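Below is one structure, written out as structure tokens; comments come after it.
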2 protein chains.
Amino acid sequence: MIEISNAELSVMQVLWQRQLLSANDVVAALCNDKDWHEKTVKTLLNRLVSKGALGFDKDGRAYLYYPLIAEQDYQLQQGRSFVERIFAGRVAPLVAGFASQNKLNADDVQQLKQLIADWEQEQHHD
Amino acid sequence: MIEISNAELSVMQVLWQRQLLSANDVVAALCNDKDWHEKTVKTLLNRLVSKGALGFDKDGRAYLYYPLIAEQDYQLQQGRSFVERIFAGRVAPLVAGFASQNKLNADDVQQLKQLIADWEQEQHHD
DNA sequence: TTAATTGTATTACAGGTGTAATCTATAAGG
DNA sequence: CCTTATAGATTACACCTGTAATACAATTAA
């Protein structure tokens with residue numbers, strides 16, 4: 001499994017949102033929030049290419065980067081391994097934590113209800 | 001915020017389960033599953049003490065270790081920061097991932113329903 | 001009382017990470 | 001053509017982490 005570090009993840013997130021960006025595009029997108037040097041971002045791009053997380057097409061001298069792994073896949077894999085490590089594999093206690101900190105909103109609850117409904121439907125139809 | 005590494009976390013988990021264990025107790029508890037050298041576990045104990053995650057009482061020449069941070073606090077903090085990083089702060093998509101991989105069981109669903117009921121109760125009583 | 005054992009403390013060392021600076025090759029400008 | 005700016009490639013460097021080995025101190029055994 002490809003391991004993506006924290007700083008690298010920020011770069012991936014830019015490219016998950018809009019693909020085929022040049023290094024400078026990525027720098028521009030990131031340096032709004034982050035206070036990173038251009039060289040830092042280029043290092044991260046390089047490392048991500050080495051790791052097989054990004055590919056690129058050449059556009060003259062510059063590269064246009066794109067993700068080689070889908071954000072959803074990454075989220076699934078990370079979610080599973082995180083919940084495994086920290087919550088012994090049970091997701092409900094994590095949600096309980098959010099609830100206890102008032103970090104659930106109506107949207108979340110709506111989505112959760114739908115998930116539960118679907119799950120029960122699935123059970124029933126077995 | 002205290003940062004606890006992966007290997008260190010395994011040590012913390014032993015001490016969250018039973019406090020006031022000697023280094024050898026921790027080694028014994030861990031070396032059932034993990035294939036770690038005794039020295040490795042002692043290094044981890046040391047690092048955790050340095051980080052302020054563990055304290056100890058002396059028992060003669062040996063130390064008896066105990067956690068200085070509660071597992072629940074750690075879980076809350078990690079849960080929030082993980083969901084923030086990977087899921088833009090929304091917990092429902094993480095649960096959706098579990099559902100999609102058939103990693104929800106009846107217990108989880110029961111707990112989630114209860115959380116939702118409590119949440120709605122809370123809303124209603126505002 | 002000296003030697004062996006056993007706890008903790010210190011040191012080791014390679015690979016990953018955050019955070020760049022420098023090198024090198026090429027395209028663009030004069 | 002020659003110089004400069006600029007793209008990616010290579011190198012840097014300190015700190016963290018996984019994974020111990022070695023050093024030191026005190027207790028126990030002989």
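So you know, we letter chains A, B, ... as the sequences are listed, proteins then strands, and number each from 1. No experiment lies behind these values; they were computed from the predicted model shown.
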(message) Output one letter per nucleotide in nucleotides 23-30 of chain C: B when a protein non-hydrogen atom lies under 4.0 Å from the base, S when only the sugar-phosphate is that close, - when neither is.
(response) --BBS---
(request) Using heavy atoms to find the nearest nucleotide of DNA chain D for A/Arg47 and A/Phe56 separately, return the residue whose nucleotide is more 5′. (result)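 Closest to the 5' end, via its nearest nucleotide, is A/Phe56.
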(request) Examine the base of C/dA20 for any acceptor or donor lying under 3.5 Å from a partner atom in the side chain of A/Thr40, and report the outcome as yes or no. (result)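 There is none.
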(request) Output yes when at least one side-chain N/O atom of A/Tyr63 is less than 4.0 Å from OP1 or OP2 of D/dT6, else no. (result)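 For D/dT6, neither OP1 nor OP2 has a side-chain N or O of A/Tyr63 closer than 4.0 Å.
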(message) So, does B/Thr43 get its side chain near the phosphate of D/dG18, meaning an N or O under 4.0 Å from OP1 or OP2?
(response)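 Indeed not, no polar side-chain atom of B/Thr43 lies that close.
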(message) Over all strands shown, is B/Lys51 touching base, sugar-phosphate only, or nothing at heavy-atom distances under 4.0 angstrom?
(response)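 Counting heavy atoms under 4.0 Å across all strands, the contact made by B/Lys51 is with sugar-phosphate only.
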Output yes when a side-chain donor or acceptor of [X] lies under 3.5 Å from a complementary backbone atom of [Y], and no otherwise.
| X | Y | answer |
| --- | --- | --- |
| A/Asp59 | A/Ala62 | no |
| A/Thr40 | A/Trp36 | no |
| B/Lys51 | B/Glu3 | yes |
| A/Gln121 | A/Asp118 | no |
| A/Asp25 | A/Ser22 | yes |
| A/Gln19 | A/Tyr65 | no |

(request) Anything under 30° is parallel, anything over 60° is perpendicular, the rest tilted; go ahead and classify A/Phe56 against A/Tyr63. (result)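 If you compare the ring of A/Phe56 with that of A/Tyr63, the planes turn out parallel.
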Round to a whole Å and report the spacing from [atom1] of [X] to [atom2] of [N].
| X | N | atom1 | atom2 | result |
| --- | --- | --- | --- | --- |
| B/Asp57 | C/dT8 | CG | C1' | 16 Å |
| B/Glu8 | D/dG18 | CD | P | 6 Å |
| A/Lys34 | C/dG18 | NZ | P | 10 Å |
| A/Leu9 | C/dG16 | CG | C1' | 16 Å |
| B/Asn46 | D/dC16 | CG | C1' | 16 Å |
| B/Leu45 | D/dG18 | CG | P | 14 Å |
| A/Asp59 | D/dT6 | CG | P | 16 Å |
| A/Leu44 | C/dT17 | CG | P | 11 Å |

(message) Tell me which residues in residues 16-31 of chain B lie within less than 4.0 Å of DNA chain C, going by non-hydrogen atoms.
(response)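 Within this stretch, B/Ala23, B/Asn24 sit under 4.0 Å of the strand.
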(request) Of all the heavy-atom pairs spanning A/Glu120 and B/Val109, show the shortest one and how long it is. (result)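 Looking at all heavy atoms of both residues, the closest pair is OE2-CG1, 4.2 Å.
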(request) Looking only at non-hydrogen atoms, find the nearest pair between B/Lys42 and B/Ala23 and report the distance. (result)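 Heavy atoms only, the tightest pair is CE-CB, 3.9 Å.
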(message) Assuming nearest nucleotide by heavy-atom distance, tell me which of A/Glu38 and B/Lys42 is located more 5' along DNA chain C.
(response)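 The residue closer to the strand's 5' end, by nearest nucleotide, is B/Lys42.
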(message) Please pick, from C/dT8, D/dT17, C/dT19, the nucleotide with the shortest atom-to-atom distance to any side-chain atom of A/Trp36.
(response)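 Taking heavy atoms from C-beta onward, the closest nucleotide is C/dT19.
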(message) Of the listed nucleotides (C/dA9, C/dA20, C/dG7), which one gets closest to any side-chain atom of B/Ala62?
(response)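 Of the options given, the side chain of B/Ala62 lies nearest C/dG7.
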(request) For the pair B/Glu84 and B/Arg90, find out whether any cationic side-chain nitrogen is under 4.0 Å from an anionic carboxylate oxygen. (result)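 So B/Glu84 does not pair with B/Arg90 through a salt bridge.
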